[in-house]
Visitor: 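I'd like to ask you about the structure that follows.
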Amino acid sequence: MFDYLTFGLLAQLFINGILFGTMYGLAAIGLSLIFGTMRIIFLSQGAVIILMAYCCYWLFTLFKIDPYLSIPIIGLAAMVLGAGIYQGLFRRAVKMEDKNITLLIAVGLMFLIENLMAVMWTPNPRSISTGYTSSSIPVGGLAISFTRLMGFVMAMLSTAGVTLFLKRTLVGKAVRAASEDIEAARLVGISPHWVNTIAFAIGIGLCGIAGIALSTTYPFDPYFGFIFSLKAMIALALGGLGSVFGALLGGIILGTLESWSSFFISGGWADAVSYGVFLLVLLFKPEGLLVRSVKKV
Amino acid sequence: MKSKRIFWWFGLLCSIPIICLVFSNFAMAAGKEILIGAPVHMTGPLAPDGLELKWAYEQAVADWNKKGGIFIKSANKKLPIRLVFADDESEPAKVAGAIEKLIKVDKVDLLLGTHSATMSVPAINTAEKYQMVYHCTTHWPEMFRDQKAKWASVMFFSAVGASEVPFIIWETLLKKEDRPKNVALLMEDSPDGQAFGGGFRSHAKTHGVTFAVDEPWAIGAKDYSSMILKMKAKNVDAILLYGAPTDAITLVRQIKEAKLNVKYMHGWKGTWAVEFAQALGKDANYVICDGFWSEEFPYPLCKELGKRYTDKFKKRSVSIGAFYGTAQVLFMAIERAKSYDKTAVRDALRNAEYKGTVMGDLKFDEIGLALFPSTANQWWDGKQMLFYPPVKGGYQLKLAPEWGKR
Amino acid sequence: MENRLLEIKDLHVSYGSVCALWGVSLHVPEGSIVALVGANGAGKSTLLKTIAGMNRPKNGSILFSGKHITGLTPEAVVNAGIAMVPEGRKLFARLTVKENLELGGYIPRARPFIQKSLEQAYELFPLLKTKSNQIAGSMSGGEQQMLAIARSMMSRPTILMLDEPSLGLSPLVVKMMFELVEELNRKGMTILLVEQNIYQALKISHYAYVIKTGKIVLEGKGEQLLSDPEVQNAYLGTME
Amino acid sequence: MKNLKPITSVVLATLLLGLIPFVSDSEKSYLVYFLFLTFCHIVLTQGWNLVAGYTGQVSLGTHAFFALGAYTTAMIWRADLFSWENYYFDPVTMILSGLVPVIFALAIGIPLLSKLHGDYFALGTLGFGEILKVVCIKGGQFTGGPIGIMLPSSVYTTMRPHYWTALFLAFLATGVVYFMTKSRVGLALVAISEDETAASSSGIYILKYKVLAFAISAFLSGLCGSLYAYYLFQVSPEGFLILRWTLYPVLMCVIGGSGTVVGPILGSLLMTAVFTVTSIYLPGIHPIFSGIIIILVMLFMPNGIIRLWKKGV
């Protein structure tokens with residue numbers, strides 16, 4: 001039945017899965033910070049990614065700025081936007097016990113962003129077409145998509161950057177501490193609002209990077225993003241909370257899973273397989289596949 | 001105390017819309033105009049199509065009103081047409097609400113249809129409940145027949161008929177040695193994709209073609225490399241695909257990245273949008289798209305409609321004529337019935353022929369169904385060039401060379 | 001007279017409609033150990049949390065070195081110089097020992113001295129230095145309590161509040177813990193100690209308050225209370 | 001006496017609302033459709049309220065149970081399961097459409113609720129809905145694939161049965177929530193949402209009550225799905241298995257005031273009115289306004305309208 005299977009094909013399938021999964025991974029890292037510190041089910045993340053993709057598109061068509069050169073501009077703008085979203089929308093709500101409120105604010109924000117984009121840029125799909133769009137690099141008989149490779153590199157660099165920030169700087173350590181136990185963090189003098197603002201800024205900043213990676217690889221329309229919110233959530237659950245690298249790896253596992261299941265079963269079932277695995281993980285190892293259980297003190 | 005006041009304010013705010021709804025049955029100036037309602041997608045994922053539909057309906061109304069409207073016997077004069085729209089939010093459950101609103105709040109006389117089969121089924125069901133004329137396009141005749149609607153009418157092509165197009169093209173326009181040997185069928189997991197898929201499979205049998213790859217295509221999937229690898233492994237040289245524009249763009253990009261050489265790529269729905277060509281640039285060349293209509297059709301008004309569309313949207317369309325034609329046929333039916341009474345208009349749309357529309361001559365059967373042929377166009381430098389049905393002295397189909405040799 | 005470092009006047013705290021503290025007044029002189037003892041649910045932890053800024057009092061005032069700190073955020077209270085070792089230690093279990101300590105010095109006042117404070121902490125607890133890269137959650141209970149105290153010392157406080165430091169520890173470690181508290185006090189630290197282990201707490205404290213259902217019912221010198229028949233009957237009878 | 005007052009007023013209001021189709025022509029007035037929609041929303045919202053408002057578990061699977069109910073109705077009808085003449089508003093079909101979701105709720109509820117807390121339960125139920133969607137799209141003849149199952153719309157005569165059934169279901173849902181909260185079960189549920197460890201130590205077998213609440217919620221959603229299938233005459237993944245059928249109830253419940261009996265009713269009425277009116281008067285841009293309204297309400301009235309009122313009294 002699978003007589004056309006060769007080693008090269010499998011290798012290509014594997015690489016594609018990894019490259020594709022980093023996209024989910026990027027979104028999942030951002031989510032792990034936001035969800036980790038504030039327990040917000042931030043469904044508007046996909047919409048923000050698309051918003052950033054539109055910004056990238058704008059810079060490209062209006063000012064002829066190459067998408068990869070716009071990383072610093074968009075990254076910074078996204079961070080400011082993230083801080084603004086926290087201060088404007090979530091500052092009051094995170095204090096409240098009821099998690100539904102933050103969930104609903106996120107939903108409201110999603111409606112708002114999606115439809116604002118539809119009014120501003122029309123609902124027609126947009127895409128960025130450059131010299132390197134749909135070009136690929138041949139490596140030993142395999143073809144590796146250039147834009148996706150760049151996406152992978154960007155994901156790796158930003159994961160490394162965020163990891164360094166969280167591990168090496170005092171503020172980063174404070175973010176990790178707050179995501180573990182916000183009450184204890186307050187008792188050592190960590191201001192939750194400051195930490196949350198930073199978590200949001202980085203989380204949305206990563207959305208900016210994901211937006212650039214997306215806009216160079218895919219065409220997009222205002223409603224394109226929701227699936228990313230869902231998949232990022234799954235990647236996060238696979239990787240486990242509280243670990244940046246885990247979130248990235250969760251995304252890569254998800255991507256590989258989808259790419260293999262759509263090859264061996266059929267394209268339509270890929271989603272069902274990934275959700276099924278997600279449910280199984282939640283049932284049998286809810287702390288995530290990659291997390292060593294640390295006993296709560 | 002203060003909170004209590006807020007509550008009363010809130011109660012007031014809450015009751016205003018409800019009162020609005022109750023008393024919005026404003027008496028219409030009956031006999032002064034013909035009021036036609038149309039649900040369209042103004043928001044949601046299908047909004048791009050909805051906005052074109054809206055524009056085309058508005059054009060048709062403006063054209064008729066320029067002529068003074070339509071002669072109505074009971075008023076003994078020409079009455080102008082007025083259109084009201086309702087947003088169906090690209091959602092089957094909401095299209096029902098939109099039609100309820102058009103019938104009950106706006107009290108429309110007749111309905112023009114929304115777009116896409118997913119929406120048409122509940123739309124027709126709802127219109128049927130109120131015995132309201134519902135005249136639409138882009139709804140599959142096979143499904144329409146199943147619905148046994150008494151008040152709706154459809155003008156479209158059948159998926160079965162349209163899906164024969166590629167086989168006819170291969171047999172009539174290509175030399176024997178050029179005909180594809182390993183064909184891949186990629187059909188979107190949607191009612192439309194499934195309808196087409198069934199058509200392709202049955203025609204493949206009669207034309208002696210077997211599909212090397214037959215894959216359903218999940219809507220919004222982002223990675224097609226598995227599919228492409230499968231096609232590569234099976235030496236596919238022709239692809240028939242049905243999918244949304246974003247998905248089709250992604251697919252072609254990934255096909256190029258994977259260096260899969262296909263000499264004949266024929267897409268439905270997703271490949272005709274101008275965004276497809278914009279996103280792909282030169283890579284869109286050689287890709288074939290379907291169409292409902294072409295401004296190169298030898299029918300009246302086609303050239304002008306195409307020009308108006310290009311002036312407004314700065315692009316060409318292969319669909320706008322079908323939308324315009326839908327409204328045009330409804331107005332012709334009112335004109336023929338000399339009345340906008342719904343029974344009269346419905347009867348005028350059954351067992352009737354309408355000549356000289358932008359879609360050519362249309363013949364409605366006893367259930368209110370008219371078929372027109374589907375077209376095939378090839379992208380060439382940003383333009384969809386009509387090559388099927390062949391027009392004299394028109395564009396000739398080109399087969400795609402390898403990616404490196406373009 | 002004595003210098004009242006921390007003074008609490010007529011404090012009322014309630015959770016929703018449930019009143020937890022009814023007009024509590026007490027004061028902690030500089031350089032002393034003051035113990036606050038009482039049964040489970042008497043309101044001891046509520047009082048500490050209110051001082052730390054985690055609860056908002058309904059009425060009354062908290063003065064620190066003569067300044068009002070009532071209603072400040074926990075961050076501001078720590079920055080003012082009041083450090084708290086919470087009940088159950090509340091370490092950052094997934095962070096390393098060193099990271100836990102560094103975060104102890106997070107507040108602006110202490111941040112410039114982090115390196116120095118770290119050395120001092122290692123000096124006081126040599127064990128922590130050897131385990132500095134270990135994950136905090138993997139240590140034993142006694143070690144964790146040590147870390148919790150060391151972490152709060154990192155903020156260079158003027159007063160240290162300990163909430164049930166002996167909870168869940170073996171008798172030998174409990175003994176060590178109280179010795180440690182005394183040692184800290186000898187080095188000049190003012191300490192407010194909340195304990196259920198009343199005998200030990202009263203033994204080391206200079207002054208003590210007994211709290212019952214949200215009110216102070218008795219107060220006096222530690223040893224004095226220890227020999228008070230009422231205290232003996234009510235609290236110590238059940239103790240060894 | 002005091003306890004009877006709310007019951008009698010609700011019964012009276014229901015009876016009065018039941019008279020509306022006699023006053024206002026259901027075939028000509030938009031009001032009847034609007035109220036029908038509102039009642040459907042109330043049923044779903046009360047169902048969600050039972051799980052989230054009273055046990056503190058956020059379920060994002062309402063649309064899955066709603067769709068299961070609709071599919072059950074459509075399948076029974078299509079397969080002519082009982083060889084009856086009429087499946088249109090057939091009580092047995094409707095009750096079965098409520099029970100099938102209950103089976104699924106038990107199947108996923110027991111493992112999910114015993115293992116997961118809070119956010120993971122939300123994600124788990126969301127995952128269940130997505131799996132169901134793929135299964136329905138790929139289900140071939142059995143589920144009708146992406147087209148779904150078409151029902152014979154010729155049986156429709158008037159909207160009155162839809163209206164009355166929706167009203168009855170809304171009344172039923174509200175009644176269920178009311179009696180659940182007044183009974184021992186209800187007290188247990190509130191205890192769960194307040195403090196899980198305390199509730200478990202005081203001897204309440206948490207899982208049983210959580211699963212019970214979840215199952216009743218699925219039952220209500222399934223009934224509502226069945227009713228909506230009778231309205232739309234086509235059961236398709238795009239019409240029923242979309243997240244909106246979950247987000248709307250969540251929104252309406254929280255805006256009205258979750259964990260109360262009257263809050264969800266107010267929330268459903270208000271939000272249905274807001275969505276309808278904005279859709280009519282601001283076509284094309286109304287989701288922007290809906291988004292802004294959601295955010296504003298959550299920022300300034302996070303505990304719901306009902307609590308605003310209670311504070312004032």
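Note on naming: letters A, B, ... go to the chains in the order of the sequence lines (proteins, then strands), and numbering restarts at 1 for each one.
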Visitor: Only pairs of heavy atoms separated by less than 4.5 Å count here; which of B:I124, B:T118, B:I103 has the most with chain D?
Guide: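 Ranked by contacts with chain D, first place is B:T118.
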Visitor: Of all heavy-atom pairs between D:W245 and B:A93, which one has the smallest distance, and what is that distance?
Guide: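 So the two residues come closest at CZ2-CB, 3.8 Å.
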Visitor: In Å, rounded to the nearest 0.5 Å, how long is the span from OG of D:S29 to CD of B:E100?
Guide: 10.0 Å
Visitor: For D:I242, is it the side chain, the backbone, both or neither that has a heavy atom under 4.5 Å from a heavy atom of chain B?
Guide: side chain
Visitor: Would you mind checking which part of B:M143 comes under 4.5 Å of any heavy atom in chain D, side chain (CB onward), backbone (N, CA, C, O), both or neither?
Guide: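 Contact with chain D: backbone and side chain both.
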Visitor: If we only count heavy atoms from C-beta on, is the D:R244 to B:E89 side-chain gap below 4.5 Å?
Guide: no
Visitor: Hey, could you give me the CD/OG distance between D:E238 and B:S190, rounded to the nearest 0.5 Å?
Guide: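 Taking CD in D:E238 and OG in B:S190, the distance rounds to 7.5 Å.
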Visitor: Relative to chain B, which segment of D:Y156 carries a heavy atom at a distance below 4.5 Å: side chain, backbone, both, or neither?
Guide: side chain
Visitor: Report which part of B:E188 has an atom under 4.5 Å of a heavy atom belonging to chain D: side chain, backbone, both, or neither.
Guide: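 For B:E188, no heavy atom lies under 4.5 Å from chain D.
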Visitor: Of the backbone (N, CA, C, O) and the side chain (C-beta and beyond), which part of B:A86 lies under 4.5 Å from a heavy atom of chain D, both, or neither?
Guide: neither
Visitor: Determine yes or no for a side-chain-to-main-chain donor-acceptor pair under 3.5 angstrom, with D:K138 supplying the side chain and B:D189 the backbone.
Guide: no
Visitor: Where does B:T43 contact chain D at under 4.5 Å (heavy atoms): side chain, backbone, both or neither?
Guide: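 The side chain, not the backbone.
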Visitor: Start with the C-alpha gap between B:K101 and D:F34, add the side-chain angles, then the distance that decides, and say whether side chain to side chain contact (heavy atoms under 4.5 Å, CB included) holds.
Guide: CA-CA 9 Å; B:K101 178 244 166 190; D:F34 170 78; over 6 Å; no
Visitor: Would you verify whether the NZ or CZ of B:K129 falls within 45 degrees of the ring axis of D:Y231 while also being under 6.0 Å from that six-membered ring's centre?
Guide: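 Judged by the rule (NZ or CZ under 6.0 Å from the ring centre, within 45° of its axis), B:K129 counts as positioned above D:Y231.
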Visitor: Between B:M119, B:K150, B:Q194, B:E128, which has the largest tally of heavy atom pairs under 4.5 Å with chain D?
Guide: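 Ranked by contacts with chain D, first place is B:Q194.
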Visitor: Is a side-chain donor or acceptor of B:N125 paired with a backbone partner of D:S153 at a separation under 3.5 angstrom?
Guide: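 No.
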Visitor: Within the side chain of B:K104, is there an N or O that forms a donor-acceptor pair under 3.5 Å with the backbone of D:L31?
Guide: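 No; zero donor-acceptor contacts below 3.5 Å.
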